[in-house]
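Since the model is a prediction, treat every value here as computed from it, not as a measurement.
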Amino acid sequence: MTVSGEVSDHVDGPSPENEKSRAIKIFDTTLRDGEQSPGASMNLVEKLEVAQLLADMGVDIIEAGFPIASPGDFESVKQIAQTVRGSTICGLARCNDKDIDTAWEAVKYAPQARIHVFLATSAIHREFKLRMTPDEILARAVAGVKRAASYCDDIEFSPEDACRTEHDFLCRVVEAAIDAGATTVNIPDTVGYATPDEIYTRFKMLRDRVPNIDKAVLSTHCHDDLGLAVANSLAAVAAGAGQIECTINGIGERAGNAALEEVVMAMKTRSDFYRCRTHIDSKRLVPASRLVSKTTGIQVQRNKAIVGRNAFAHESGIHQDGMLKERSTYEIMRPDEVGFSKTDLVLGKHSGRAALADRAKNLGFTLTGEQLQEVFEQFKILADKKKEIYDGDIIALVQHQITGSVDEQWGLVDYVVRSGKDHEPSVELTLKHGDQEYSESVQQGDGPIDAAFWAVEKIVGMELVCKDFRVRSASLGRDAIGEVNLEVEYEGRSYRGVGVSTDSVESTILAMLNAINRIIDEKTSSQPPSV
Ligand code: KIV
Ligand code: ZN
């Protein structure tokens with residue numbers, strides 16, 4: 001059986017060498033489902049930067065956001081549609097006129113625009129969430145797809161919680177959605193409950209039973225609650241899916257979505273088995289992972305497949321010996337294939353702007369003239385403090401520049417901190433807001449960092465609940481940059497802040513101010529509804 005005339009089944013083992021490879025569309029939802037990770041919200045500048053990188057790396061469809069969710073979401077989808085070229089730009093909508101009209105208003109500027117309409121179909125969602133009968137669901141789905149199709153010809157329909165929907169009803173909905181104009185039908189495992197065998201069976205079942213299935217691309221969208229999102233996505237591909245929905249670093253609602261870098265490299269490395277290809281330039285995977293990690297504040301675990309720091313580190317003597325004799329003994333991919341640079345080149349105070357720009361580019365950051373100037377100034381200050389500047393330091397400086405893209409309402413002027421064993425810590429802090437400077441001295445807290453928290457809160461007049469606080473060294477040596485990643489809660493919402501300095505108290509103050517500036521920034525837009 002074939003989908004779009006070029007599908008073949010591979011689940012029973014490797015396919016013959018001469019079998020044609022099938023193009024799988026990569027639908028990236030980092031900016032929509034990915035942004036639903038707690039504390040991962042990105043501002044407009046950051047979203048544009050991520051979207052541009054996704055387009056440059058060859059992503060077929062970028063789900064840029066959920067335009068009805070907030071004015072901020074609408075604006076970012078619109079600006080991405082206006083400026084990012086090379087990928088289809090998609091906006092999400094619930095199955096109602098207002099959502100669909102708003103999604104179209106945001107994506108209509110893109111040369112290739114898609115509206116993604118979703119409506120839950122499982123019995124649990126029908127009964128408890130929507131309180132609708134199957135026939136009502138069917139009618140609503142058809143009406144929604146038709147309305148979206150009146151605006152553009154690229155329409156995706158998702159029966160939410162499809163993997164827990166009765167087979168018969170799912171077939172009816174899918175068939176009706178395609179008849180109404182859906183060109184892609186996405187089968188989400190919304191709660192991450194399915195197993196690879198079940199996914200394979202469900203996709204095969206749809207291909208066997210839905211008469212018009214060849215008129216649409218079948219898509220998979222898997223959540224990682226049981227750690228099966230990537231395996232499930234690949235099972236769907238083996239059963240004929242032509243599109244994978246995924247996110248950079250696998251970020252997303254709860255345990256996240258299928259990781260883009262993992263599905264892409266699985267299909268590339270095991271093309272003998274899957275007989276599939278994507279348009280993704282795999283050398284951009286590590287830079288994309290770094291950019292998303294920096295802009296969301298969600299760190300990548302060291303042993304994360306493909307992009308983790310240890311993904312290509314061989315520790316055991318036996319492995320190292322094997323590697324020296326023949327790389328393929330223990331390595332199935334080359335680090336440079338996914339974008340790890342070959343060397344950790346050291347820069348110093350004599351390095352110029354061009355060397356810095358080149359290094360930043362190799363690390364995945366293309367800086368504008370103004371950004372380069374600012375990073376270069378910070379680089380020179382750092383080079384005076386420490387002799388050797390490593391990749392980690394440069395990433396931290398660039399990230400500081402990126403997070404600096406939040407309007408700087410509050411900035412640091414100066415601080416003096418005193419602390420010692422059995423001494424109550426004290427901080428004298430001066431912050432600026434516009435042209436005004438404000439100072440406070442506090443003598444309280446469990447240490448200099450806690451005291452700095454108190455002092456910032458006192459000046460700014462906000463009470464923040466610290467949910468997560470991490471300090472890490474950005475590179476080598478005791479004079480390395482210390483990066484503070486912070487998650488705070490304010491009025492029931494989570495915000496993150498990042499600060500970098502060779503002094504960890506300063507990093508903490510900068511991270512707090514970064515979070516506070518984000519809170520102020522976001523107050524202009526309302527909260528996104530949960531999906
Ligand atoms: O997980 C899900 O069901 C979704 C839909 C909106 C596609 O994210
Ligand atoms: Zn999802």
**OP:** Report the residues that fulfil salt bridge (charged side-chain N to carboxylate O under 4.0 Å, His left out) with Glu105, sequence neighbours left out, ordered by chain and then residue number.
**Re:** Lys108
Subject >> Asn310: side chain to side chain contact (heavy atoms under 4.5 Å, CB included) partners, not counting sequence neighbours >> reply: Arg302, Ala313
Subject >> Residues forming a salt bridge (charged side-chain N to carboxylate O under 4.0 Å, His left out) with Arg309, sequence neighbours excluded >> reply: none
Original post:
Between His221 and His223, what is the ring plane arrangement, given parallel below 30°, perpendicular above 60°, and tilted in between?
Top reply: tilted
**OP:** Can you sort out the partners of Asp56 under side chain to side chain contact (heavy atoms under 4.5 Å, CB included), two or more places apart, ordered by chain and number?
**Re:** Gln52, Arg284
Subject >> For Gln301, side chain to side chain donor-acceptor pair (under 3.5 Å) partners two or more places apart >> reply: Asn303
Subject >> Set of salt bridge (charged side-chain N to carboxylate O under 4.0 Å, His left out) partners for Glu262, sequence neighbours left out >> reply: Lys304
Original post:
Are Lys47 and Glu75 close enough for a salt bridge, meaning some N to O gap below 4.0 Å?
Top reply: no
Original post:
Which residues pass the salt bridge (charged side-chain N to carboxylate O under 4.0 Å, His left out) test with Asp99, sequence neighbours left out?
Top reply: Arg94
**OP:** For Glu457, check side chain to side chain donor-acceptor pair (under 3.5 Å) against everything at least two apart and list the hits.
**Re:** none
**OP:** For Ala231, check side chain to side chain contact (heavy atoms under 4.5 Å, CB included) against everything at least two apart and list the hits.
**Re:** Pro196
Original post:
Who pairs with Tyr490 by ring-ring contact (aromatic ring centres under 6.0 Å, His included), at least two apart in sequence or on another chain?
Top reply: none
Subject >> side chain to side chain donor-acceptor pair (under 3.5 Å) partners for Arg147, two or more places apart >> reply: Asp97, Asp101
Subject >> Non-neighbouring partners of Ala194 that pass side chain to side chain contact (heavy atoms under 4.5 Å, CB included), sequence neighbours left out >> reply: Cys163, Asp189, Glu198, Ile199, Asn232
